[in-house]
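Worth saying up front: this structure is predicted, and the values here are computed from it rather than measured. By convention in this document, chain letters (A, B, ...) are assigned in the order of the sequence lines, proteins followed by strands, and residues within each chain are numbered from 1. Just so you know, these numbers use all the heavy atoms, side chains as well, and skip hydrogens, waters and symmetry mates.
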Amino acid sequence: MTLAEVEALYPPRKLPEGAEVTRIAPSPTGMPHIGTGMQAVLDRALADKSGGVFILRIEDTDLARTQEGAVEAIIDGLRWLGAMPDEGDTFGGDYGPYTQTARLPLYRLAAQHLVEQGHAYHCFCTAERLELVRKTQVSQHQSPGYDGHCRNLDPAEVATRLTAGEKNVIRLKVPKDETISFHDEVRGNISFEASVIDDSVLLKSDGIPTYHLAAAVDDHFMRVTTVVRGEEWISSTPKHILVYRYLGWEPPKFLHTVLLRDKNRRKLSKRSGDTSLTWFRKQGIMPAAFRNFLYRIMWAHPEGKDIYPMSEFAEKLQVSGLPSTGPVADMDLLSFINGRYMNELSAQELEKQFMEYLDFLIASNLTADDTLHQDQPSQAATREDILDLHKALREDPKHGAEVLQVVAQRCARFGEIIFGSRAYFDYGYTPPAPERMAKECPDAAKRRRILEGFLEAYASDAQAPEVEGILKAIGKELGLKDRAVFMTLRLAMTGVARTPPLSEVAALLKLERVKKRLAMVLETVDDAPAAQQAQ
RNA sequence: GUCCCCUUCGUCUAGAGGCCUAGGACACAUCCCUUUCACGGAUGCGACACGGGUUCGAAUCCCGUAGGGGACGCCA
């Protein structure tokens with residue numbers, strides 16, 4: 001097979017004028033990264049905006065780092081994110097295979113062609129020699145790089161060493177006196193002196209290509225029009241430009257996205273916390289909200305909107321407005337956006353999404369720390385909490401849905417609901433300590449009177465019990481401030497001090513549960529220390 | 001060390017020579033609403049990295065400096 005034949009195998013796509021073909025090209029080396037998610041959202045939007053195609057390509061040329069299950073994790077992450085590719089090994093498409101180790105002959109063909117044309121050469125240097133060269137260079141304050149040792153080997157010598165089966169790699173022969181420029185879609189023109197670019201390996205000694213060759217070959221034959229990738233690739237783009245040129249191909253458009261930073265403006269890393277899509281999912285971030293967060297920090301809506309759907313992003317996106325400075329992934333902003341999305345969910349949608357969330361947590365076998373946000377340790381949910389809640393929701397879905405809706409109004413992520421909803425289920429109710437109640441209403445007799453009086457009035461009017469009216473009347477009768485009365489009942493009914501308005505709580509709990517709980521409290525309501533009562 | 005990219009409130013940003021005594025959003029603070037929490041409303045705090053140019057006029061253009069980030073692998 002020749003390059004020309006391959007060319008015919010992957011003809012130009014029949015797409016509308018201006019359609020963009022984008023691709024996300026992750027390495028299957030672990031959990032899907034937030035940066036991958038960001039690029040996927042952009043890729044998806046670019047393709048949607050122009051009536052193009054979005055491809056998933058797996059770059060598994062680093063055999064040593066490839067991890068089992070990583071491809072599935074990536075697809076799962078993209079599915080969750082809602083930035084699904086149109087083409088890929090599991091999606092179909094006419095430009096596959098979409099996994100690099102399945103395309104090895106293509107790269108070898110390209111590499112061979114480059115050697116024949118004199119734009120690449122066989123290099124027999126050992127790892128040891130390379131290491132030594134680098135060390136020397138660094139110690140002499142020179143920039144490390146290949147020294148060109150095999151660049152001008154005698155062709156006859158190369159031939160004999162090759163037939164002898166000597167290990168070698170193929171390196172790109174970078175011209176010496178030239179300025180290589182390219183256009184970056186967000187930064188404009190960028191130039192490099194060719195002299196600072198070293199002769200990178202294109203084909204490793206095991207016959208597997210490096211990124212520089214593989215990506216160029218694939219982007220060409222997959223007819224990718226726009227390469228969206230992280231800005232860490234800017235400095236190797238000139239190499240890619242050279243590969244395209246020597247292979248006689250038109251380079252695609254390049255769009256380098258910024259790298260997300262942590263609070264200290266460092267590249268977001270494992271150490272600083274939250275780098276995987278899965279992490280955000282575990283926190284209970286909604287997909288739509290996370291997408292919104294991603295495009296919100298990488299692009300400014302013309303009207304200054306913060307909350308808007310993906311379709312609007314795709315429609316209004318202008319690549320020139322993409323940032324060229326790395327944004328900090330601001331958790332406060334994410335929480336804010338997620339909260340807004342949660343509040344707009346209908347009861348049914350909320351229950352559905354929340355159950356999916358719990359199922360995900362359970363299936364991914366979480367430990368207690370996994371929903372723990374660094375900044376909000378109090379929001380940690382244990383695995384036991386998760387299972388308890390899941391069981392309660394299954395046992396009484398109707399009650400569960402009501403609880404969720406009320407609680408979700410007060411939460412910024414699903415993860416907080418786990419903890420926040422406990423008090424409204426039987427499993428999560430613990431009667432308040434008498435001491436705690438005494439802090440709100442020091443007089444034990446009055447506490448008892450509040451609860452008994454409420455129970456009596458509330459139970460007698462099953463149709464439309466006026467919780468507030470009842471309590472205010474009791475307060476007046478006992479000469480207590482509203483707060484003392486309301487808080488006493490709040491603590492008694494829920495065991496906690498922060499809840500929705502009591503009328504909502506009572507409606508949520510239903511009469512039977514209220515009766516049961518208050519009866520429990522009444523058993524110990526007089527037990528607060530006398531010293532405190534005297535106050 | 002060399003090369004490349006970047007630099008507006010704490011954060012995300014608007015701003016493409018006069019509309020800027022720099023606008024919005026998140027966060028924060030205070031107040032209002034109020035039975036706690038949340039929501040909502042109001043107000044406030046708060047930035048053009050620095051130094052030179054160009055210009056009648058610069059956040060906006062140019063040059064330097066400083067700072068940050070990235071790259072320099074038979075990793076991607």
Kindly give the atom pairs (protein nitrogen or oxygen, nucleotide nitrogen or oxygen) under 3.5 Å for nucleotides 74-76 of chain B.
unit_1: rC74(B); atom_1: O2; unit_2: S205(A); atom_2: N; d: 2.9
unit_1: rC74(B); atom_1: O2; unit_2: S205(A); atom_2: OG; d: 2.8
unit_1: rC74(B); atom_1: N3; unit_2: S205(A); atom_2: OG; d: 3.2
unit_1: rC74(B); atom_1: N4; unit_2: C125(A); atom_2: O; d: 3.2
unit_1: rC75(B); atom_1: OP2; unit_2: K204(A); atom_2: NZ; d: 2.6
unit_1: rC75(B); atom_1: O2'; unit_2: D62(A); atom_2: OD2; d: 2.4
unit_1: rC75(B); atom_1: O2'; unit_2: R65(A); atom_2: NH2; d: 3.4
unit_1: rA76(B); atom_1: OP1; unit_2: T61(A); atom_2: OG1; d: 2.6
unit_1: rA76(B); atom_1: OP1; unit_2: K204(A); atom_2: NZ; d: 3.1
unit_1: rA76(B); atom_1: OP2; unit_2: Y211(A); atom_2: N; d: 3.2
unit_1: rA76(B); atom_1: O3'; unit_2: S27(A); atom_2: OG; d: 3.0
unit_1: rA76(B); atom_1: O3'; unit_2: E59(A); atom_2: OE1; d: 3.1
unit_1: rA76(B); atom_1: O2'; unit_2: S27(A); atom_2: OG; d: 2.8

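As a whole-Å value, the separation of R498(A) CZ from rU34(B) C1' is 15 Å. Taking atom CD on E231(A) and atom P on rG70(B), their separation rounds to 8 Å, with Å as the unit. Whole-Å rounding puts the R413(A) CZ to rA38(B) C1' distance at 16 Å. I337(A) places its CD1 atom 17 Å from the P atom of rU11(B), with the value rounded to the nearest Å. Atom CZ of F336(A) is separated from atom C1' of rC12(B) by 12 Å (rounded to the nearest Å). Atoms CG (D332(A)) and P (rA27(B)) sit 7 Å apart, rounded to a whole Å. When rounded to the nearest whole Å, the span between CD of E303(A) and C1' of rG24(B) equals 12 Å. For the pair K472(A) NZ and rU36(B) P, the computed distance is 10 Å after rounding to whole Å.
rG73(B) is unpaired under the criterion used here, namely a Watson-Crick or G-U wobble arrangement in which both key atom distances are under 3.5 Å. In this structure rC19(B) sits in no base pair that meets the Watson-Crick or G-U test at under 3.5 Å. The partner of rA47(B), taking Watson-Crick or G-U wobble pairs whose two distances both stay under 3.5 Å, does not exist in any strand shown. Base-pair partner of rC31(B): rG41(B) (Watson-Crick or G-U wobble, both distances under 3.5 Å). Base pairing of rU55(B) is not made with any nucleotide, judged by Watson-Crick or G-U wobble geometry with both donor-acceptor distances under 3.5 Å. For rA66(B), the paired base is rU7(B) (Watson-Crick or G-U wobble, both distances below 3.5 Å). Checking rU60(B) for Watson-Crick or G-U wobble geometry (two distances, each under 3.5 Å) identifies no partner in any strand.
T29(A) comes within contact range of no nucleotide atom at all, as no heavy-atom separation falls under 4.0 Å. Counting any heavy atom pair closer than 4.0 Å across all strands shown, P144(A) reaches a base atom. P302(A) comes within 4.0 angstrom of nothing in the nucleic acid, heavy atoms only. Counting any heavy atom pair closer than 4.0 Å across all strands shown, L489(A) reaches no nucleic acid atom. Contact annotation for R490(A): base contact, defined as any heavy-atom pair under 4.0 Å involving a base atom. Among the heavy atoms of the strands, none lies under 4.0 Å from K481(A). Within the nucleic acid shown, A300(A) comes within 4.0 Å of sugar-phosphate atoms alone, with no base atom in reach, counting heavy atoms only.
rA59(B) and rC9(B): their C1' atoms are spaced 13 Å apart (whole Å). Between rC26(B) and rA58(B), the distance separating the two C1' atoms is 30 Å to the nearest Å. Using P as the reference atom, rU11(B) and rC50(B) are 15 Å apart when rounded to the nearest Å. Between rA22(B) and rA47(B), the distance separating the two C1' atoms is 9 Å to the nearest Å. A distance of about 15 Å separates the C1' atoms of rC31(B) and rC45(B), rounded to the whole Å. Going from the P atom of rU54(B) to that of rG46(B) covers 34 Å, rounded to whole Å. Look at the C1' atom in both rA27(B) and rG64(B): the space between them is 36 Å, to the nearest Å. Between rG57(B) and rG15(B), the two P atoms lie 26 Å apart (nearest whole Å).
Neither OP1 nor OP2 of rA25(B) sits under 4.0 Å from any side-chain N or O of K305(A).
Side-chain proximity of R296(A) to rA38(B), rU35(B), rG24(B): nearest is rG24(B). Side-chain atoms of F486(A) lie closest to rU35(B) of the nucleotides rC37(B), rC72(B), rU35(B).
Ring geometry, H256(A) versus F182(A): the interplanar angle exceeds 60°, so the pair is classed perpendicular (tilted spans 30 to 60°). The aromatic rings of H212(A) and H240(A) sit tilted relative to each other, their planes meeting at an angle between 30° and 60°. The aromatic rings of W233(A) and Y211(A) lie parallel to each other, their planes meeting at an angle below 30°, with 60° marking the opposite boundary.
Legend: residues meeting side-chain contact (heavy atoms from CB on, under 4.5 Å) with D89(A), ordered by chain and number and at least two apart, are P97(A), Y98(A), T99(A).
Each of S143(A) and L502(A) was matched to the nucleotide of RNA chain B holding its nearest heavy atom; the match closer to the 5' end belongs to S143(A). Two residues, S191(A) and I297(A), neighbour RNA chain B, and the one matched to the more 5' nucleotide by heavy-atom proximity is S191(A).
Among Y295(A), F293(A), Y341(A), F313(A), the single residue meeting the ring pair (Phe, Tyr, Trp, His ring centres under 6.0 Å) criterion with Y308(A) is Y295(A). Under the side-chain hydrogen bond (donor to acceptor under 3.5 Å, both in side chains) test applied with D199(A), the options K173(A), R171(A), R151(A) reduce to a single match, R151(A).
Between R422(A) and T430(A), the side chains place no donor N or O within less than 3.5 Å of an acceptor N or O (distance only, hydrogens not considered). No side-chain donor-acceptor contact under 3.5 Å links R447(A) and T488(A).
Looking at S139(A), its side chain does come within 3.5 Å of a backbone N or O of T136(A) through a donor-acceptor pair.
Taking 3.5 Å as the limit, the base of rC5(B) and the side chain of R187(A) contain no donor-acceptor pair of atoms between them.
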>> Let's go through T66(A) and D60(A) carefully: what are the C-alpha distance in whole Å and the side-chain angles of both, what is the deciding distance for side chain to side chain donor-acceptor pair (under 3.5 Å) to 0.1 Å, and is it a yes or a no?
In response: CA-CA 6 Å; T66(A) 295; D60(A) 58 345; 5.6 Å; no

